[in-house]
Amino acid sequence: MDEPHDARLTVAAVAHRLGVAPATLRTWDRRYGLGPGGHTAGAHRRYSADDVVRLQTMRRLIMSGVPPGEAARVARGQPSASPGPAAPLPGFDGRLAGGGGGPVGQVLALAGADAAVRGLGRAAMALDSESVTEMLREQVARHGVLHTWDHVLRPVLVAVGARWAATGEGVEVEHSLSDCAAVVLRAVGDGVLCPPGRRPVLLACAPDEQHALPLHALGAALAERGIATRTLGAALPAAALEAALRRTGAGALFLWSCLPGTADEQVLADLPMTRPATVLLVGGPGWAVERLPSRVTVAVDLAHAVALVEQALGA
Ligand code: B12
């Protein structure tokens, strides 16, 4: 039986209920035929209870990692307004990392990624820090820091960054995910000490550079190999970097810059010449390699940075 027209929901109301943007609903209508049933051109778009159930299924399956076309096929085939869960597709467990209740409704471009990456992406988007932390802890314990960084965490970070670049949204996801990751990565170094007589390894960000996570990844990867580091964190002013170098007589210094605006190559040129010399290493897309002083070595990825520090220490 048809519902009265005013019992039906507007695009805005459905979008709110599902936690997706109204534009997403219009795309699902246009691209996948998941629009309001009985909608005729010119009339106001109103969704019935059946339509909403189909859209809920669509959202739930996409959040589980099912490609949208496949999710739409299942959702379109849904016969009635029963709000029960859609049958899971093979390979997808149909659960939302955030518990399934809240208005998550936003996905990262992680098509083709493996289950660990998609799971982390879902939990990150749901701001579910307990799950994010647990998943990262498990990955590090099972596969180590290098694998976890390059094959699990980094793909999600890149996708979150790409989403921000495309929509201007998700800074809260960047903060939450980075915070959880920093907690897990820093814990790897617990109990790893710098042996007496060994010159310390300093890790720092360039002045004004807030992207400190790669420092924690490097610290953790070195800790796994028994090498302790001292992390000076985000946005270290040039004078503080110089003071730290003088006071510690570091054996190696690694300086990270993600943004060209934070990478001042002169900071490196101005560092004091310690004796024996500190090995100067940099990493991150911010640096203009041609402007770096000749005594500076560029690390291209995490494994390379680890190898360069090990080499600097003669390990
Ligand atoms: C998390 C994050 C944040 C967090 C940082 C929290 C923290 N504690 O670190 C917060 C929210 C603070 C933040 C702030 C900002 N961010 Co931000 N952020 C990111 C994000 C998602 C991850 C950063 C990261 O860890 N990158 C490291 C890895 C994951 O990046 P990658 O590209 O795979 O790395 C390459 C190399 O660097 C190298 N590599 C990878 N890992 C390692 C490790 C080592 C040791 C080595 C040597 C090399 C190496 O291999 C890769 C191939 O080249 C990136 C997205 C991105 N793609 O990086 C954006 C991103 C870096 N941010 C960006 C921007 C614009 C900002 C802001 C200006 C605005 C904003 N989004 O809020 C501010 C600037 C703050 C500042 N002054 O520094 C842009 C930068 C664009 C540009 N090139 O100018 C990015 C790229 C997002 C985007 N796609 O546009 N951000």
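In this text the structure is predicted, and so the values were computed from the model without any measurement. Every number for a ligand or one of its atoms is a count from 1 in the order of the listing.
To the nearest 0.5 Å, atom CZ of residue Arg118 and atom CG of residue Leu108 are 12.0 Å apart. For the atom pair CG (Leu203) and CG (Leu253), the distance works out to 8.0 Å, reported to the nearest 0.5 Å.
In summary, the side chains of Asp179 and Ser176 do not present any donor paired with an acceptor at a separation below 3.5 Å, with no hydrogens or angles considered. At a cut-off of 3.5 Å, with distance as the only test, no side-chain donor of Thr148 or Gln139 sits close to an acceptor on the other residue.
Screening Leu25, Thr10, Val53 against Tyr47 for a side chain to side chain contact (heavy atoms under 4.5 Å, CB included) leaves a single residue, Leu25.
Heavy-atom contacts of His175 reach the following atoms of ligand 1: 11 (C) (cutoff under 4.0 Å). The atoms of ligand 1 that sit less than 4.0 Å from any heavy atom of Glu209 are 78 (O). Every atom of ligand 1 with a heavy atom of Asp208 under 4.0 Å away is listed here by number and element: 76 (C), 77 (N), 78 (O). Short contacts between ligand 1 and Ala165, defined as distances under 4.0 Å to a heavy atom of the residue, involve ligand atoms 89 (N), 90 (O). Of all the atoms in ligand 1, the ones that sit under 4.0 Å from a non-hydrogen atom of Pro214 are 25 (O), 27 (C). Counting the atoms of ligand 1 from 1 in the order shown, those under 4.0 Å from a heavy atom of Pro285 are 37 (O). Residue contact check: Phe254 has heavy atoms under 4.0 Å from atoms 45 (C), 47 (C) of ligand 1. For ligand 1, the atoms lying closer than 4.0 Å to a non-hydrogen atom of Ser178 are 1 (C), 6 (C), 7 (C), 8 (N).
The distance criterion of under 3.5 Å between nitrogen or oxygen atoms is met by Leu213 with respect to ligand 1. Between Arg154 and ligand 1, at least one pair of N/O atoms sits closer than 3.5 Å.
The protein does not reach atom 67 (C) of ligand 1 closely, with no heavy atom under 4.0 angstrom from it. Protein heavy atoms are found inside the 4.0 Å sphere centred on atom 48 (C) of ligand 1. By the definition of a contact as any protein heavy atom under 4.0 Å away, atom 58 (O) of ligand 1 is not in contact. For atom 85 (C) of ligand 1, no protein heavy-atom neighbour is present inside the 4.0 Å cut-off. Inside a 4.0 Å radius of atom 44 (C) of ligand 1 there is at least one protein heavy atom.
Protein nitrogen, oxygen and sulfur atoms, that is N, O or S, within less than 2.8 Å of atom 17 (Co) of ligand 1 amount to 1.
When all heavy atoms of Val192 and Ala223 are compared, the pair lying nearest together is CG2-O, 3.8 Å. Residues Gly121 and Leu110 share a closest heavy-atom pair of CA-CD1, 4.0 Å. Between Ala21 and Ala15, the shortest heavy-atom contact is C-CB, 4.1 Å.
Under a 4.5 Å side-chain heavy-atom criterion applied to ILVMFWY residues, the cluster that includes Val171 comprises Trp164 as well.
Counting heavy atoms from C-beta on, the side chains of Asp270 and Glu242 never come closer than 4.5 Å. Put simply, the side chain of His216 does not reach to within 4.5 Å of the side chain of Trp149, judged on heavy atoms.
Ranking the protein heavy atoms by distance from atom 20 (C) of ligand 1 puts Leu157 O, 4.3 Å first. Nearest protein neighbour of atom 53 (O) of ligand 1, counting heavy atoms only, is Val300 O, 4.9 Å. Annotation: atom 41 (N) of ligand 1 to nearest protein heavy atom, Trp149 NE1, 3.0 Å.
Using a non-hydrogen distance threshold of 4.0 Å, Leu302 registers as a contact of ligand 1. Heavy-atom separations between Val158 and ligand 1 include at least one value shorter than 4.0 Å. At least one heavy atom of Ala212 sits closer than 4.0 Å to an atom of ligand 1.
Considering only residues two or more places apart in sequence or on other chains, Asp150 meets the side-chain contact (heavy atoms from CB on, under 4.5 Å) condition with Arg154.
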Check residues 289-306 and write down every donor-acceptor pair under 3.5 Å in which the side-chain atom is one partner and the other belongs to a residue at least two apart or another chain.
{"unit_1": "Arg291", "atom_1": "NE", "unit_2": "Glu265", "atom_2": "OE1", "d": "3.4"}
{"unit_1": "Arg295", "atom_1": "NH2", "unit_2": "Leu271", "atom_2": "O", "d": "3.3"}
{"unit_1": "Asp301", "atom_1": "OD1", "unit_2": "Ala303", "atom_2": "N", "d": "3.4"}
{"unit_1": "Asp301", "atom_1": "OD1", "unit_2": "His304", "atom_2": "N", "d": "2.8"}
{"unit_1": "His304", "atom_1": "ND1", "unit_2": "Val300", "atom_2": "N", "d": "2.9"}

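The residues Arg26 and Asp29 are annotated as not salt-bridged, no charged nitrogen and carboxylate oxygen being separated by less than 4.0 angstrom.
The neighbour count for Arg199 CZ, taken as heavy atoms of other residues, nucleotides or ligands under 6.0 Å away, is above 12.
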Step-by-step side-chain contact (heavy atoms from CB on, under 4.5 Å) determination, Val201 to Phe254
CA-CA 8 Å; Val201 177; Phe254 175 83; 5.8 Å; no
